[in-house]
Amino acid sequence: MTELNPKSELNIDQLTSDFPLLQQLIALEEVSWFNPNITTLEQGLPYVGLGDKDIHDASLRLQRFAPYLAKAFPETQITNGIIESELIDIPVMKSGLEAHYHLPIKGRLMMKKDSHLPISGSIKARGGIYEVLTHAEKLAFEAGLLSESDDYSKLLESEFREFFQQYSIAVGSTGNLGMSIGIMSAKLGFTVSVHMSADARAWKKNKLREHGVNVVEYEQDYGVAVVQGRKEAEQDPRCFFIDDENSQTLFLGYSVAGERLKQQFEQQQIVVDKEHPLFVYLPCGVGGGPGGVAFGLKMAFGDDVHCIFAEPTHSPCMLLGVHTGLHDEIAVQDLGIDNLTAADGLAVGRASGFVGRAMERLLDGYYTLTDERMYQLLSELNQAEGIRLEPSALAGMPGAVHVEHNREYLERLGITESTLNNATHLVWATGGGMVPEQEMAAYLAKSSV
Ligand SMILES: *Cc1c(COP(=O)(O)O)cnc(C)c1O
């Protein structure tokens, strides 16, 4: 390991000696890192460049579209066209984790079932759908076809479908973002191309084709699919490219989750304050989803919520970017890490520079886990709670164990044993609700070995 990386001019030897944790990343060990440089929300917020008003705008936009969504996607009728997931307790899984890790988990273990969000069965039903709606609204406003006070169910009329048909939307994806953007765009009438990386599942591609989406397949990873998608879009002025790596719109679509979760906590009479901290464990790919949700959570709960990101040992891009301060100037491949993982949505080698720079002060920590552990937890959750998720969605499950283990972190935050007894640990389950029976059987078979 003496070579200088010629492309990025990174001196890997120097880096690994400056940041010894990288040696463990390179060895594909499961690691955790609790960032000593975090700040309060007040100190960190200016670096985000977005605020309450932006989240509120996003929330209002989703409310305007709710009557349309309720009709276009009947499965959203019960929530009146609001795309939201359940918040549940998982007590049996908690006991299972305690036995497995030989460690008591103080407080309550809960799960946010974004895995079962309507329309696309993953967390991407927040950001992806929101960005398509934002774009559609803008076009319709500019054409004088729609105004804010209209009943948006008129978007179902053929006049609108014909209007949107003149425009196209493109996106690069490992699967779930493509599902959200593809299904939503096609429903409105857009011509839509999804550029899929090699790791994308066949059933996701098939489902998109059934919806009339143009699926373009690549033999390379997510980064390549994005570059190609962007290139194609640049040649067509009527084509809108959705940029998962840098989009503030996507980020804001995710952030609405904060106020929604706050309402759910109030309904279930769960207190979050200094004496009752909330720890949230979010699987991270490029960072937009977990970053946007974390931003919304910080704005809703302030310094009493603690967000921790989880990544596969083969794709620890956000941990790498934030830990070294290099953000999107370094990829896991620069360290010789292969970015191959069974965790859909998490196979990302280079993190979003926007999210890392905006959110690093407000994210308490990061950890990695192996694919084998995700499979094992997948099976355990199925047995314990009868809930079936895709592997990536299990990444948040061991988070509470890392927090319990990390005394330095807890002391630094002034969180005592007794405070920890009042804590809520929330595992953000990000996908799996639409996995076909046969695929799920294969996942379950993997974990029982
Ligand atoms: C996309 C995705 C994530 C992570 O979101 P990013 O915005 O890529 O960080 C996590 N879990 C699942 C299932 C996903 O599809």
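The basis for the numbers below is simple: all heavy atoms, side chains too, and nothing from hydrogens, waters or symmetry mates. Along the sequence shown, the residues carry numbers beginning at 1. For ligands, and for the atoms within them, numbers begin at 1 and follow the listed sequence.
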For ligand 1, which of its N or O atoms have a protein N or O partner closer than 3.5 Å, and how long is each gap?
unit_1	atom_1	unit_2	atom_2	d
ligand 1	7 (O)	G288	N	3.2
ligand 1	7 (O)	G289	N	2.7
ligand 1	8 (O)	V286	N	3.0
ligand 1	9 (O)	G285	N	2.7
ligand 1	9 (O)	V286	N	3.2
ligand 1	9 (O)	G287	N	2.7
ligand 1	11 (N)	T430	OG1	2.7
ligand 1	15 (O)	K124	NZ	2.8
ligand 1	15 (O)	N176	ND2	2.7

Passing option when H135 is tested against F240, F65, Y130 for ring-ring contact (aromatic ring centres under 6.0 Å, His included): F240

Nearest heavy-atom neighbours spanning M179 and L208: CA-CD2, 3.8 Å

For residues 395-404, which side-chain N or O atoms pair as donor and acceptor with protein atoms under 3.5 Å away, sequence neighbours left out?
unit_1	atom_1	unit_2	atom_2	d
E404	OE1	K106	NZ	2.7
E404	OE2	K106	N	2.8

Could you list all the salt bridge (Lys or Arg N to Asp or Glu O under 4.0 Å) pairs where at least one residue sits in residues 26-47, not counting sequence neighbours? E30-R373

Just grab all the salt bridge (Lys or Arg N to Asp or Glu O under 4.0 Å) pairs involving residues 389-402, residues at least two apart or on different chains. K204-E390

Ignoring hydrogens, what is the shortest heavy-atom contact between G229 and A170? Give both atom names and the distance. O-CB, 4.4 Å

